[in-house]
Amino acid sequence: MNRIAILISGRGSNMQSLVRAVATDFNNTYKGACVSVVISNEPDAAGLAFAESAGIATHAVDHRKFPEREAHEQALIDIIDSNADIVLLAGYMRILSKLFVERYKGRLLNIHPSLLPAYPGLDTHQRAINAHDSNAGASVHFVIPALDAGPVIIQAQVPVQQGDDSTTLAVRVLDKEHIIYPMALRWLLDGTIQLDEATDGTHFCLFHDQRLTEPLQLDNVLNNEFPQNLQP
Ligand code: GRF
């Protein structure tokens with residue numbers, strides 16, 4: 001389980017950080033994983049050019065060319081299933097059906113630019129500014145059918161500064177995104193994290209086989225501080 005498909009819709013900076021992390025894995029922390037394919041629903045996505053230049057197979061699968069969502073997703077599935085075991089959403093701007101999400105259960109991650117559960121959906125930075133939040137941030141989570149509602153693995157907090165607008169805030173959040181997404185990927189590859197589902201259907205992230213009751217925080221992880229029951 002070490003071939004990775006990354007789905008993008010645009011710039012692809014998170015995809016680039018993931019590709020770089022895996023490609024420069026001199027200590028084998030990514031367990032020999034490789035990014036085997038990058039797929040965009042937007043044919044003009046800037047990220048495709050980077051992936052091509054890195055020697056990665058790319059596919060533009062324009063959703064507008066399909067009569068309905070299911071047919072578009074089936075085209076994605078055909079590519080993913082013959083190329084990859086893990087699917088990472090990195091700025092992929094289409095909502096995925098339950099069928100798609102359940103097919104890749106436990107091996108499908110997303111990065112979202114807010115401190116989930118705050119601000120699922122779009123315009124996250126502006127919403128944090130409007131609410132006068134002291135911290136914005138980003139979350140990496142397992143994907144479940146409900147939008148931006150899967151169990152969060154790790155978050156990075158970014159203080160909102162006086163005079164921030166959504167652009168300046170987004171730049172600082174993005175820096176942190178590029179750290180936490182490769183980190184979560186590494187944990188997925190080496191089995192440190194897993195998706196767990198309780199009998200009532202609630203989803204949890206297991207970290208070293210223990211349920212996370214709240215997301216890990218980047219600053220704590222960097223200081224090697226983990227909740228008491230989760231000492232690695
Ligand atoms: C990132 O902020 C990500 O969190 C969100 O969309 C943006 C994509 O940026 N889902 P990029 O394409 O990875 O540069």
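Counting starts at 1 for both ligands and their atoms, in listed order. Fair warning: this is a prediction, and the values are worked out from it, not measured in the lab.
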Geometric cation-pi criterion R127 and Y119, 6.0 Å radius, 45° cone = no
Looking only at protein heavy atoms, identify the closest one to [atom] and say how far it is in Å.
| atom | result |
| --- | --- |
| atom 13 (O) of ligand 1 | N14 N, 2.9 Å |
| atom 11 (P) of ligand 1 | S13 N, 3.4 Å |
| atom 4 (O) of ligand 1 | E177 OE1, 2.7 Å |
| atom 5 (C) of ligand 1 | P113 CD, 3.8 Å |

Please determine if [X] has a nitrogen or oxygen closer than 3.5 Å to a nitrogen or oxygen of ligand 1.
| X | answer |
| --- | --- |
| L174 | no |
| M93 | no |
| N110 | no |

Do you see a donor-acceptor pair shorter than 3.5 Å between the side chains of [X] and [Y]?
| X | Y | value |
| --- | --- | --- |
| T29 | N27 | no |
| E52 | T58 | yes |
| N14 | Y92 | no |
| H112 | T124 | no |

Run the contact test for G12 against ligand 1 with a 4.0 Å cut-off on heavy atoms, strictly below, and give the result.
-> yes
Is the closest heavy-atom distance from I111 to ligand 1 below 4.0 Å?
-> yes
Considering the heavy atoms of R11, write down every atom of ligand 1 situated less than 4.0 Å from one of them.
-> 9 (O), 11 (P), 12 (O), 14 (O)
Can you check whether N135 reaches V160 side chain to side chain, under 4.5 Å on heavy atoms?
-> no
Ion pair check, E42 and R64, cut-off under 4.0 Å = yes
Nearest heavy atom to atom 8 (C) of ligand 1 wins, so pick from S40, A138, G91.
-> G91
Going by the angle between their ring planes, with limits at 30° and 60°, are F207 and F226 parallel, tilted or perpendicular?
-> parallel
